[in-house]
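For reference, the structure discussed in these notes is given below.
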Protein chains: 2
Amino acid sequence: MRFSEKKTATILRQHGYKFTPQRRVVTQTIASTQDHLTPAAIYEKVHQEHPNIGLVTVYRTLDILAKLGLICELHAGGSCHSYTTSASEHHHHLICSNCGKVVDFSGYDLSELKQRLSLETGFEIEDHLLEFIGLCQACQKEVIR
Amino acid sequence: MRFSEKKTATILRQHGYKFTPQRRVVTQTIASTQDHLTPAAIYEKVHQEHPNIGLVTVYRTLDILAKLGLICELHAGGSCHSYTTSASEHHHHLICSNCGKVVDFSGYDLSELKQRLSLETGFEIEDHLLEFIGLCQACQKEVIR
DNA sequence: TTGTAATTGAAAAATATTATCATTTAATAA
DNA sequence: TTATTAAATGATAATATTTTTCAATTACAA
Ligand SMILES: [Mn+2]
Ligand SMILES: [Mn+2]
Ligand SMILES: [Zn+2]
Ligand SMILES: [Zn+2]
């Protein structure tokens, strides 16, 4: 079982959030499938059983669950955000989550990992994304929490 | 000089695209700064000098330039897409660009790189994103190009 | 120069996300 | 249990973002 209701409740409460029925349902819905789902897809599933839960609540819940690491946010090309349960001269990026500053870095080679994954999964890998998110020096001073 | 107009023109034409004034301007605008810019920000800059270039053209141009690797698309948390010149138990993802299938993988450790980057840049790194994009086995057979 | 497929811009449409605010509710402690 | 209260919800509206449409224009190969 990849999903523990008790754990979700505990972690939410530990961070000062309430464990509401809505949050339980959204979490369960995401846990009920291997797929990654867009907010709209999650809302649709949730809405079938619980037509009274609003889309906005889904968005709010996803934000919180992702922030707490209870679900995993991923970037899927076109439709930017989806969620799944948490269980040239190429360069990569370091991005400040506060001011948006971007620092490039290079010299980190992922080709060995890429090859390993290709063999293990049969994927034909075309691209990758490696980004670090954090606070730049300037923003570390400004930001309270 | 990080930007070569001739190279842009050549690569566009090599792929059957025309090298239009609009595409030149968008490329130049992106190349003119170290920042990463949202489509809206790019449009705004472009629009100052060339008020006749439409927002839609900016979007279309960004798609093409990114696809050809002439600019680099990045995922910046909140506001999903920006562009810059191209020069639980934690796990990561392998995503099929055709059907959206997601395969998790784990056991790849980025902590050493993270530490190195922290030291070099002064960033306080909070998170990272590592994703491989490609075609799953099933889709490799289906997809023509 | 000509022909033609690609591209463009304006507008509208479709999507996606966030803000507001009156009402309800989970959690704490009397 | 009950009362209290800050947090959460849902309906709606407001924004923001992206895509579609289509007639007019244009790059560029022939
Ligand atoms: Mn890059
Ligand atoms: Mn992950
Ligand atoms: Zn910063
Ligand atoms: Zn696939």
Side-chain angles (χ1 to χ4, degrees), chain A residues 5-6 8-29 36-68 70 73-83 100, chain B residues 5-6 8-27 29 36-68 70-71 73-83 100:
Chain A
E5 193 169 305
K6 190 174 281 184
T8 302
T10 301
I11 292 186
L12 278 172
R13 291 189 186 117
Q14 270 177 359
H15 289 83
Y17 296 106
K18 294 178 180 176
F19 183 58
T20 65
Q22 291 88 343
R23 287 173 182 171
R24 184 176 48 69
V25 168
V26 168
T27 310
Q28 275 180 337
T29 299
H36 65 130
L37 305 169
T38 60
I42 292 165
Y43 171 69
E44 206 172 345
K45 283 194 162 217
V46 163
H47 201 251
Q48 284 177 354
E49 299 289 318
H50 305 270
N52 45 325
I53 297 181
L55 174 61
V56 181
T57 296
V58 173
Y59 272 107
R60 289 188 285 224
T61 302
L62 293 176
D63 282 349
I64 292 170
L65 293 175
K67 182 155 56 186
L68 297 181
L70 291 166
E73 191 178 288
L74 60 87
H75 174 76
S79 61
C80 259
H81 283 130
S82 349
Y83 299 83
Chain B
E5 192 167 306
K6 190 174 279 183
T8 302
T10 303
I11 292 186
L12 278 172
R13 291 189 185 116
Q14 271 177 357
H15 290 81
Y17 296 106
K18 294 178 179 175
F19 183 59
T20 64
Q22 291 88 342
R23 289 174 181 169
R24 184 176 47 69
V25 168
V26 169
T27 310
T29 299
H36 65 130
L37 304 169
T38 60
I42 291 165
Y43 171 69
E44 206 172 345
K45 282 194 163 218
V46 163
H47 201 251
Q48 285 178 354
E49 298 289 317
H50 305 270
N52 45 327
I53 297 181
L55 174 61
V56 183
T57 295
V58 172
Y59 273 107
R60 289 187 287 224
T61 302
L62 293 176
D63 282 349
I64 292 169
L65 294 176
K67 181 154 59 188
L68 297 182
L70 290 167
I71 60 174
E73 192 178 286
L74 61 87
H75 173 75
S79 61
C80 258
H81 283 127
S82 349
Y83 300 84

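Since the structure is predicted, the reported quantities are computational estimates derived from the model, not experimental observations. Lettering of chains follows the sequences in order, A, B, ..., and the numbering in each one begins at 1. Computation of the quantities below employed the complete heavy-atom set of this structure, encompassing side-chain atoms and omitting hydrogens, waters and symmetry-equivalent molecules.
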For B/Arg23 and C/dG9, what is the distance between atoms CZ and P respectively, to the nearest whole Å? 10 Å

Return a single string for nucleotides 23-30 of chain D, one symbol per nucleotide in 5' to 3' order, where B is base contact, S is sugar-phosphate-only contact and - is none, cutoff 4.0 angstrom on heavy atoms. ---BBS--

Just checking B/Glu49: does its CD atom have more than 12 heavy atoms from other residues, nucleotides or ligands closer to it than 6.0 angstrom? no

Residues from residues 47-56 of chain B sitting under 4.0 Å of DNA chain D, heavy atoms only? B/Leu55, B/Val56

Could you check how far CG of A/Asp63 sits from C1' of C/dA19, rounded to whole Å? 14 Å

Taking atom P of D/dT18 as reference, at what distance in whole Å does atom CD1 of B/Ile42 sit? 11 Å

Taking every heavy atom of B/Phe19 against every heavy atom of B/Leu12, the minimum-distance pair comes out as CD1-CD1, 3.6 Å

Can you confirm whether B/Val26 sits close enough to B/Leu65 that some side-chain heavy atom of one is under 4.5 Å from a side-chain heavy atom of the other? yes

Are the side chain of B/Arg23 and the backbone of B/Lys18 linked by a donor-acceptor contact shorter than 3.5 Å? yes

Could you give the NE2-to-P distance, from B/His15 to C/dT7, as a whole number of Å? 13 Å

Can you tell if the side chain of B/His15 reaches within under 4.5 Å of the side chain of B/Ile64, non-hydrogen atoms only? no

Would you indicate which nucleotide in D/dT21, D/dT9, C/dT17 comes nearest to any side-chain atom of A/Pro39? C/dT17

Please tell me if the side chains of A/Gln22 and A/Val25 come closer than 4.5 Å, counting only heavy atoms from C-beta onward. no

So, does A/Arg60 get its side chain near the phosphate of D/dA8, meaning an N or O under 4.0 Å from OP1 or OP2? no

Restricting to ring-ring contact (aromatic ring centres under 6.0 Å, His included), what partner residues turn up for B/His50, sequence neighbours left out? none

